[in-house]
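Data first, discussion second: the structure below is written as structure tokens.
Computed from a prediction, not measured in an experiment: that's the story for all the values here.
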Amino acid sequence: MSPLRSAAIALGAAAIAGCGPKELVPPQVGPKLTVTSTSTQDSAPKEELRMVPAEAYMRTYLALFGGLAPLEVQKRARGGDGAQLFDTWDDYFSSLGFPDYRIDMPRSQQTNALMVATFERLGVALCDRAVEHDLKAKPPVSERVVFAFDEAAGPAPLDRAAFESRFDVLHRTFLAYPVKLAPTERAARFFKLYGDVHARHAKAGGKARFSPDEAAWASVCYGLVRHPEFHLY
Amino acid sequence: MHASRLFLFVVALAATAAAAPAAGAPPVSSRSLDDYRHFRALAIDLLGRMPTRDEIAAFERPDFAMDAWIDGHLQGSTYAERLSRIYMDLLRLEPSPSTQFAPDATTLYRHQVQGPDGKPVWIYYRPRQRRTREETDGEFCLTKEETGLDIAARMQPKEPGGAKPVTKAVLEQHTVLVKPWWLYRDYLNVQPTRRYKMGWDDPDPSYQPVEGLLNDPDGKPTMEVRVCREEAQAMPTGHVYVTGRTPPPKGTPLPHGRTRPAPLDSAYAKLHKGEVLACQSKLAVDSSAECGCGVALEHCLPNDGDQGGSAAFYFPNHIPLGLGQPIDTARQQGQRWFPFWWSQEAEHLLSHVFTADRDFREVLTARYTFVNGPLAQFYRAIQPGNCCGGEANFGMVQETEPLFLPSNVPTELFPHDVASWKMVPDRGPHAAGLLTTPMFLEKYASARARGATLYTAFLCKSFSSENAELTPSTEPNLMVRPGCQSCHATLEPLAAYFSRIEPGNLVYLPQQLFPVKNEKCKKGPNGQLPGFCNAFYDVAFADATGATLRSAYGSPAHADATPAGAGHDITKMPEFSECAVQRVAGSFLGRTLTSDDAPLVRELTSTFTRDGHRMRPLVRAILRSDTYRRANNLDSSVWRGGAK
């Protein structure tokens, strides 16, 4: 029988069946299900870390800038660079997640690309100005808000032990706990970052705005001020 | 000692006591990572920022007393701000950019004309000011023939062929010089001398009139402003002015550069010709030529231009960290000045409840509030100008039962005292916490919006429609109309609480003059109400015996209970306490509470109600709970009580 004829017969049979009485499927007892394996259902509530409220982020930022008022921080963060480092708080208001009651804009409960970019920009401005204030101007350590430690004595980078004692200061400043309680690889990673940046800037031969040690500490600061643990709680 | 300073001192003392190391105690930390994270979370929630290195060092000392630290910081301003934020996020009590508060009775604009010497001169005027000169009645006080200024075409003097010098005689006849309140600290004196930053050397830094209000067109400091003569009047009363004027024939061109025809006599004016009326009322602007802006123009707010686009003061757009720490300052329109302070009043009221650990129910029931200089000016001199127009047909020519009695406004506050806040112990019998603040009433401008906000924000309930087919219906009663009733059976009675407050102007309609069922507003044979009734009474709920007050049909009893009754009734409901607990606990835990949290909510609600609906014991219980400590821990094994 040709396939065409077979199909035609099948279609005809289906059409006849469609016009006839509905087929009844009598109920029947199936085979008993057997247990093949068991697993525990995790019924624990699943929570995500909270975002640090925008108000707390901003107050912390102001505190790290020396406890100044927002407009004074804006003025100093811009410095002589205009908007290269810092725009205006107004520009960051929405992207930081603040609610705008005037237009019924709710508080942002989750990060987004613009917010992360804003955190980055603000973080870089904070760290660069802190390097200028704490490391370049060299006030007494007690007057340093961020880099509250002695800088390297010479052009050579710090060794691991000297780095870690200083890194602990920054770790407490930004993440609020000692580095010894952090994941074990954290200090090593940041030490590598410090060393790499130091080496690149040393190679550049003093053309950059910051010395190798300053640039290396700035990059460590960038890493901490943008760390997820800084923005979540 | 100032209350806030004392407050800070107490906080500092408590914090110091908590952090004080024992003599010789070694700074050795035995804290776990969870301990540090818990401390950081507490700092973020109570201090409003992450902890400093010094605070961490104090925390690491063996004798650090966590409970004492928490208690110390439950007194702080940042704690109050943290709690206020929960309700501000819900209620969003800030005026929208489109909020315009510029009543004709209390707003001054200005036109620039050429003075007799050809130099530009600004002349302040009130829109629709009644004047006995027909050419300018209800308009700017000088005609096009006198100024060359075509106001209707908005032609400014700089434009070619525009203005011409106003003669000295005309200028002196129709305008006067005034030392206004916005320039002089001692404006109530007969001869004010303390001009802004010229004799008045210590103005509040946040009180910043725009340059246009401070300087004359030639750039010199303004010492006096020129005002239309009628606007400068300061008598407390005037008389109803009737002209007998008839409408001009249709198509008649407007004479003298007028922007609209000269006003005709209102029905009220015809009936009450020559009667005395209070100048601080809307009716006075419409019906008297003898009423102005009061001494030193203090009943009016200036603008540096001719309506659109003009400005009055600098103030911030955004103050996320509070009034003392603005992140910007902007040149703002005068019509946004009072709404800005309305928002601050609501913030102060909320903050006081949390700072002083008052009974939280006062948020909806308190008769007290807080005002600064601009708000004192608003309640004393501006709000009375919102009434009365159509209300006069019901016998109310000035507000008889305002939500905030002007006599209760502190007299020692000047309009410039923007940073001085005073508690007003009693606004009046109709006051009800946030519910009768201008900010709440403006943000939620209709009775239904107000009722719905109460329901959702303070009872944690929401309106969800039934799965019903919406069929065409002429049934005006939404409590029975199919498809509407499931929500409106609840919403309409809630809305009725607010039916005595007019949408848009904060005027309270007293029961005596505006009964829920008013026989004056009978439905006529044509199915209509008398015209003057329509603004206040609803033809959909009227018959041959009278009409029902708008928004009151859902519950006449609630209408007479007023917002004060709403506050009383809502706070008595058991859902109120549970909702407050859910709001606060959810905020501190950073998540919406679920049925899994029922035991915690029960326990916290018990704490909350037992302690007199005070937030401090509630927050203390939340912060000390294991649930809070674990709230930022993703490890599900912790929830099961297993190893971390």
(message) Tell me if the aromatic rings of A:F190 and A:Y194 count as close, with their centers under 6.0 Å from one another.
(response) no

(message) Which residue in the set B:Y314, B:F313, B:W342 passes ring-ring contact (aromatic ring centres under 6.0 Å, His included) when paired with B:W337?
(response) B:F313

(message) Can you see whether B:F39 has B:R31 sitting over its ring - NZ or CZ less than 6.0 Å from the centre and within 45° of the normal?
(response) no

(message) When you measure from the side chain of B:E55 to the backbone of B:T52, do you find a donor-acceptor pair of N or O atoms at a distance under 3.5 Å?
(response) yes

(request) Using a cut-off of under 4.5 Å on heavy-atom pairs, state which of B:P97, B:S96, B:P320, B:P51 scores highest against chain A. (result) B:P320

(message) Can you tell me which portion of A:Q74 sits under 4.5 Å from chain B's heavy atoms? Options are side chain, backbone, both or neither.
(response) side chain

(request) Please check if the side chain of A:R226 supplies one atom and the backbone of A:Y222 the other of a donor-acceptor pair under 3.5 Å. (result) yes

(request) Considering only heavy atoms and a distance below 4.5 Å, find which of A:V52, A:T60, A:I103 pairs most often with chain B. (result) A:T60

(request) Identify which of B:T329, B:T594, B:L321 forms the greatest number of heavy-atom pairs closer than 4.5 Å to chain A. (result) B:L321

(message) Quick check on A:V73 against chain B: is it the side chain, the backbone, both or neither that has a heavy atom closer than 4.5 Å?
(response) neither

(message) Testing the basics here: between A:R144 and A:D150, what is the closest heavy-atom pair and its distance to 0.1 Å?
(response) NH1-CA, 4.4 Å

(message) Tell me which of these, B:G324, B:S343, B:P95, B:S98, has more heavy-atom pairs under 4.5 Å with chain A than the rest.
(response) B:P95

(request) Among the options B:I44, B:L47, B:L93, B:T78, pick out the one with the most heavy-atom pairs lying under 4.5 Å from chain A. (result) B:I44

(request) Look at A:F230, A:Y177, A:Y101 and state which one has the largest set of heavy-atom pairs under 4.5 Å with chain B. (result) A:Y101

(message) Report which part of A:E229 has an atom under 4.5 Å of a heavy atom belonging to chain B: side chain, backbone, both, or neither.
(response) both

(message) Need one label for A:F98: side chain, backbone, both or neither, based on atoms under 4.5 Å from any heavy atom in chain B.
(response) side chain

(message) Heavy-atom cut-off 4.5 Å, strictly under: side chain, backbone, both or neither for A:L62 against chain B?
(response) side chain

(request) For residues A:F163 and A:W217, establish whether the separation of their ring centroids is below 6.0 Å. (result) yes

(message) Has B:D204 got a side-chain atom pairing as donor or acceptor with B:A419's backbone, closer than 3.5 angstrom?
(response) yes

(request) Check each atom of B:D45 against the heavy atoms of chain A and say whether the ones under 4.5 Å are side chain, backbone, both or neither. (result) side chain

(message) Quick check on the 6.0 Å ring-centre criterion: do A:Y57 and A:H231 meet it?
(response) yes

(request) Please determine, among B:E94, B:R82, B:E81, B:R49, the option with the most heavy-atom pairs under 4.5 Å with chain A. (result) B:E94

(message) I'd like to know if the side chain of A:S165 pairs up with that of A:D168 as donor and acceptor (distance under 3.5 Å, no hydrogens or angles considered).
(response) no

(request) Answer with side chain, backbone, both or neither: which region of B:F340 has an atom nearer than 4.5 Å to a non-hydrogen atom of chain A? (result) neither

(request) Under 4.5 Å heavy-atom distance to chain B, tell me which part of A:P106 shows up: side chain, backbone, both or neither. (result) neither

